[in-house]
Amino acid sequence: MPSRKFADGEVVMGRWPGSVLYYEVQVTSYDDVAHLYTVKYKDGTELALKESDIRSQSSFKHRKSQSSSSSPSRRSNTRSRSRSRSPGRPAKGRRRSASQSREHKDDKKKAIQETSLALPVLVLFKPSENNTKRYNGEPESTEKNDTSCIILEQKLKPDLEIKRVLEQYSLRPRKDDKKKEEIYSEKKTFVAVKPIEKVPTKTKELEFGGRIGTFMLMLLLPATVLYLLLLCKQDDPSLLNFPPLPALESLWDWRVFGVFLLWFFLQAVFYMLPIGKVVEGLPLSNGRKLEYRINGFYAFLLTAAATGILLYFQFELHYLYDHFMQFAVSAAVFSLALSIYLYIRSLRAPEEELAPGGNSGYFIYDFFTGHELNPRIGSFDLKYFCELRPGLIGWVVINLAMLLAEMKIHNLSVPSLSMILVNSFQFLYVVDALWNEEAVLTTMDITHDGFGFMLAFGDLVWVPFVYSLQAFYLVGHPTTITWPVAVAITVLNCIGYYIFRSANSQKNNFRRNPADPKLANLKFIPTATGKGLLVTGWWGFVRHPNYLGDIIMALAWSLPCGFNHILPYFYVIYFICLLVHREARDEHHCKQKYGLAWERYCQRVPYRIFPYFY
């Protein structure tokens, strides 16, 4: 077992991740298992560094003294030779001047060689006024692809020591000049320094209970969907009234599976249409930005038109209600097949394209959380497509089918007020998500989570078939509410929606352009990453105001179902548990990322989701 080189409390020079810049840091602890040092920078940021990224201060001072001691001697020698010239002997003076010029060039060559050995820190990026004022977490030069390179020019073949230094700092020749580097008899050799790309490491902290927890969730999630849908069919949908299991052959219908495939590929066609603007996502770990076409709202309008045509030709849309269980099973089977494909293709993906949270090395865990961050077939982004299209738009179509089924089963000329409220509230939520489609590019699902079984099942099964639970419940268990109650529920939903949308808009606008004059009234805490933490507006009220708005809306969606059974409120309970889990994950992630700045933010904003409570 290798012994540690630096002791706790020792002040050393630590390399900043993603560059070759060294800063003064203090060693706080050492992980014997991972062989990583936890160091603290002067601004309070704590990072885990490898031993190869840490150097003692004495090595820096020694190399600086070598550089400073050699320079004066060269300058003094040059000056002494200049003073020895005799202006009265021009011919000899010219010859001596030519000799001195050659000696001076030799001295320059030596100075270049000595400098390459004496400098332990190489500056990769040109300093810019705005570099310290960027709040998107990436240096300005990385975003604009104008990385500057240091060119070392020399005539002689480098010795072994220079070679060692070049390899140590990953200095690579430009492709244009490979031939010049291989033939050392050429006059010039060019070596270009490129920034070190940040490659994701193995996932060490496992969520959801690790391998055992994720395996159990893969069994529990489909079983939960099946249980909830069977329970809604019961005359007494009490949670303790366990429904009888249907025959396996009744759960599968190839025609239903074909209809589901038709729906999925129809949304894929809408996604590929060349309509809508193309925007860039947030920078990846290697500095690259992916492009996304924003046309989800257009896809929704095309879907609405197609649905209207089907209704005009008297297509029975309540076919969805009659085969609801079979559609759910078809979606679950498809999501499993998609997850298997995603994992197999991720095994050939480059290391830098793997998800930071799904690269543990354990098959079950990586299969569940998603091994590859942004799986694409050409320009078709599978994760981004599934995030908003088939499941979210399908949710609205299912709700409409439930409304028509209620009218047919109960012989109603118009839908019930409860069904209208549920459809209207959830329709608003889906339209808002598609209208503000660009905002999803800054969420954890896109920037951090891989695309595996968790997101595939969640997008294609959980969202359309569990989120529509209230509408499905009202078909078999009609509930009558008065107009004053309906108005009160509507006000509650509007309050939740206003908090949700305004909080998300503040965050997204600030992330993309913190210098926007519209945000001039917002105050923030600067961090070592270059981002800012908002401490005014909704984000100064609680740490996760968008979650607060989500929970209020979820309650408003369930209230039209009455209080006879707790089943319609399953969504509220689930949503609270989900958001508390996400909040805990966000807290841990932000504490690691922002260090001391996050502690200051938590002191300034003590409440997490619920003001004066939690």
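Residues take their numbers from the sequence shown, with the count starting at 1.
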Where Trp483 and Leu417 come nearest, the two heavy atoms and their spacing: CH2-CD1, 3.9 Å

Over 12 non-hydrogen atoms of neighbours within 6.0 angstrom of CD1 in Ile566: no

Worked check of side-chain contact (heavy atoms from CB on, under 4.5 Å) between Lys408 and Leu404: CA-CA 6 Å; Lys408 181 179 180 180; Leu404 297 175; over 6 Å; no

More than 12 heavy atoms of other groups within 6.0 Å of Ile212 CD1: no

Flag side-chain contact, heavy atom, 4.5 Å: Phe264 against Leu460: yes

Minimum-distance pair of heavy atoms, taken over all atoms of Cys232 and Leu567: SG-CD2, 3.5 Å

Atom OH of Tyr298 with >12 non-hydrogen neighbours under 6.0 angstrom: no

side-chain contact (heavy atoms from CB on, under 4.5 Å) between Asn436 and Asn504, intermediate numbers included: CA-CA 10 Å; Asn436 298 281; Asn504 276 329; over 6 Å; no

Within 6.0 angstrom of Met216 CE, more than 12 heavy atoms from elsewhere: no

Check: Val475 main-chain N/O paired with His410 side-chain donor or acceptor under 3.5 Å: yes

Aromatic plane relationship, Tyr601 with Trp598 - under 30° parallel, 30 to 60° tilted, over 60° perpendicular: tilted

Student check: side-chain heavy atoms of Phe425 and Thr490 closer than 4.5 Å: yes

Working for side-chain contact (heavy atoms from CB on, under 4.5 Å), residues Leu555 and Asn493: CA-CA 8 Å; Leu555 179 61; Asn493 185 77; over 6 Å; no

Between Gln470 and Tyr569: side-chain donor-acceptor atoms closer than 3.5 Å: no

Arg288 side chain vs Pro283 backbone, donor-acceptor pair below 3.5 Å: no

Check: Ala471 main-chain N/O paired with Ser468 side-chain donor or acceptor under 3.5 Å: no

Expected output: side-chain Ser418 to main-chain Thr479 donor-acceptor under 3.5 Å: yes

Non-hydrogen atoms of Ser335 and Phe457 that approach each other most closely: OG-CD1, 3.7 Å

Tyr321 six-ring face occupied by Lys233 cation (under 6.0 Å, within 45°): yes

Exercise: identify the closest heavy-atom pair between Met325 and Leu251: CG-CD2, 3.5 Å

Over-ring placement of Arg389 relative to Phe380, 6.0 Å and 45° cut-offs: no

Output field: ring centroids Tyr227/Phe570 closer than 6.0 Å: no

Parallel, tilted or perpendicular: ring planes of Phe453 versus Phe368, cut at 30 and 60 degrees: tilted

Residue Leu248 excluded, over 12 heavy atoms near CG under 6.0 Å: no

Asn374 and Leu290, any side-chain heavy atoms less than 4.5 Å apart: yes

Proximity of Phe327 and Phe260 rings by center, below 6.0 Å: no

Exam field: side chain Glu437 to backbone Gly296, donor-acceptor pair closer than 3.5 Å: yes

Between Asp432 and Tyr497: side-chain donor-acceptor atoms closer than 3.5 Å: yes

Trp252 atom CH2, neighbour heavy-atom count above 12 within 6.0 Å: yes

Intermediate values then yes/no, side-chain hydrogen bond (donor to acceptor under 3.5 Å, both in side chains), Glu207 and Thr369: CA-CA 9 Å; Glu207 297 183 86; Thr369 58; over 6 Å; no

Arg600 side chain to Ile525 backbone, donor-acceptor under 3.5 Å: no

Any donor-acceptor pair under 3.5 Å from Glu372 side chain to Glu353 backbone: no

Test log, rule ring-ring contact (aromatic ring centres under 6.0 Å, His included), inputs Tyr467 and Trp557: CA-CA 10 Å; Tyr467 285 19; Trp557 300 347; 7.4 Å; no

Chi angles and distances behind the side-chain contact (heavy atoms from CB on, under 4.5 Å) call for Val279, Glu291: CA-CA 6 Å; Val279 301; Glu291 291 186 342; over 6 Å; no

Heavy-atom closest contact (Asn359 atom, His371 atom, distance): OD1-CE1, 3.3 Å

